[in-house]
Amino acid sequence: MKLFAKSLGLRLMASELKVMFTRRRTWAMLAAIALIPILLAIAVALSSERLSPGEGPPFLAQVTQNGFFTGFTAMLLALPLFLPLTVAVVSGDTIAGEAGLGTIRYLLIAPVNRVRLLVVKYLASLVFILAGTFTLMIAGALIGAALFPVGPVTLLSGDTISIFEAFGRMALVALYTTVSLSGMAAVGLFISTLTTVPVGAMTATLVTSGVSNILGNIPQLEWMHSWLFTYYWLDFADLMRVPIEWSSLVSNLVLQLGWIAVFGALAYGRFTTKDILS
Amino acid sequence: MVELAIKTSQLTKRFGDQAAVDGIDLSVPKGSVFGFLGPNGSGKTTTIRMLLGLAEATEGTIELLGEEVPKRIEQILPKVGALVEGPAFYPFMSGRNNLLRIDAADRFADQKTTEARVESALNRVGLANAAKKKVHAYSLGMKQRLGLANALLKPRELLILDEPTNGLDPQGTREVRNLIRSLADEGITVFVSSHLLSEIEMLCSHVAVMSAGKIVAQGKIEDLRNEEPTRLILATDEADAAIDVLKSEGLGKSRIRGLQIITEVENDFDVAKLAAVLVSKNIPIREIRLEKPSLEEKFVKLTGEGFEVVR
């Protein structure tokens, strides 16, 4: 068992997470993510105007009736730009950050196998995304419960689910979003192997999600839309029905795995043959 | 046949059309303290990167501790401690946590002894008191020490140290020198690069001199030094008469610097005999001595005098 843990590199994984969560930057980003539902809830609570259903972002009207919608609404607001921004920072930093500091040469002569380092780096960025999406949903639930009435949640399909079940849906949305962002994290990992300047890798990664979003909004390019890693991002609403509409989750998963396979392979090809000169 | 800790053959690294390392054959005997000397930009660090598998050789082969690099690199590296191109650490973590991090990366490291090994490495480089400080608060010298501690995390057979005294004050430089000596006494082969001749001269038993990507000299320091001729320095008020005597004694061309006459002689030249001859001819001697060749002259001759970076 111990040998198994050893070969999986769990110790390196634990160390990687320790480094990540020692950084103030990581905590600052999680705090900023938590701020999104908080600001949203406060703005809605302070505003005397009541939106009629259908006005403003989806779910916004429901927030005042049921605080649990705060997290879902905040997720819709955070997905186009803010969450990808944090993913770009973390995934763009994976290899380029170590190269920029020079620590990569000491890791490699420790020695750590390059493939193993790549895998651990990628998994650690997934852990960050998971932490981010759950932070957003939990902060949303807490502030929603503090400012608005809470109770059984009436879903888009008109069905009502219990509070307990609502928590389950929140967790599902957080997981769905993590899956959504996993392809982008692989793109970031690859870009990160190309440079020793972490800021450059972060920016480039963010640009890819921006470009993907823009392409996804050009109707003439519809043939490529379902191939874009941003395509299913906002479809987590399908998890808010009874019964749950799993199809978008499955297609999303398949799509993201495709992106992970392609960009994981590119990162592998690049990183295992790269001269470490930083 | 001497056992070699490092052996390269025709090792070459080209960047574009420029050869940073140009077909070098290094032979580092086991148990030696081997100085790798060369001016800035002569290809020392690139060579070290290839030795450690960080960069791929364009041509040539490397053997470290008898095994092939990069093929067997993961088996070799646990036995090799290294400092490459200066220390590098996470500034937001303490010195101690940085070492724990690197040890965690090493799949072959024994997890049970990690703490003890980290403490003893920190003690050995005199950083025990600063172990809990974050690295961004470290001075350059402290970072250098931490880098050395990292190289000493495990019992090693070979240490590859790239400019280990960079950024250290004279006190620290001396400590590092003593540290390297004590490591060598334990039987560890130490390969140390430097652009400072005095460092190498004080520490090393062997040396290789790099210049513009090539090894221009290699061997025991004593042998290298003896390649340069010994000089006879003779100061007298009767230079002409003295030069005649030197000629009759079969010595070669002399040159005159002030009162001094300088002539190249054999290493085992008998000064006392010459002095006796001079005295017998009533030539007054103000000064007569042999000057052993300095390594510095040899170094300058090999790598050029200029301050300019060669390329």
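These numbers come from a predicted model, not from an experiment.
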Between A:D275 and B:A55, which heavy-atom pair has the shortest distance, and what is it?
OD1-CA, 3.2 Å
Is it the side chain or the backbone of B:L83 that comes within 4.5 Å of chain A heavy atoms, both, or neither?
both
Shorter than 4.5 Å, heavy atoms on both sides: which option in B:G81, B:P91, B:G86, B:G147 has the most such pairs with chain A?
B:G86
Greatest number of non-hydrogen atom pairs under 4.5 angstrom with chain A, of B:I73, B:I76, B:D103, falls to B:D103
CZ-CG distance between A:R11 and B:L100, expressed to the nearest 0.5 angstrom
8.0 Å
Which of residues 97-109 of chain A have a heavy atom under 4.5 Å from any heavy atom of chain B?
A:E98, A:L101, A:G102, A:T103, A:R105, A:Y106, A:L107, A:L108, A:I109
Would you say A:Y268 has more than 12 foreign heavy atoms packed within less than 6.0 Å of its OH?
no
Neighbour count above 12 (heavy atom, 6.0 Å) for B:K7 NZ:
no
If we only count heavy atoms from C-beta on, is the B:M93 to A:R23 side-chain gap below 4.5 Å?
no
Count the heavy atoms belonging to other residues, nucleotides or ligands that lie under 6.0 Å from CD of B:E56, then report whether that count exceeds 12.
no
Within the structure provided, determine whether B:D106 and A:P111 are in side-chain contact (heavy-atom separation under 4.5 Å).
yes
B:R49 side-chain N/O to A:I276 backbone N/O, donor-acceptor pair under 3.5 Å:
yes
So do A:E16 and B:R101 actually touch side chain to side chain, heavy atoms under 4.5 Å?
yes
Give the member of A:V112, A:V19, A:T273 that has the highest number of heavy-atom pairs under 4.5 Å with chain B.
A:V19
Roughly how far apart are A:T22 OG1 and B:Y90 OH, rounded to 0.5 Å?
10.5 Å
The interface call for B:K154 against chain A, heavy-atom contacts under 4.5 Å, is neither
At under 4.5 Å between heavy atoms, what parts of residues 181-201 of chain A are in contact with chain B? List them by residue number.
none
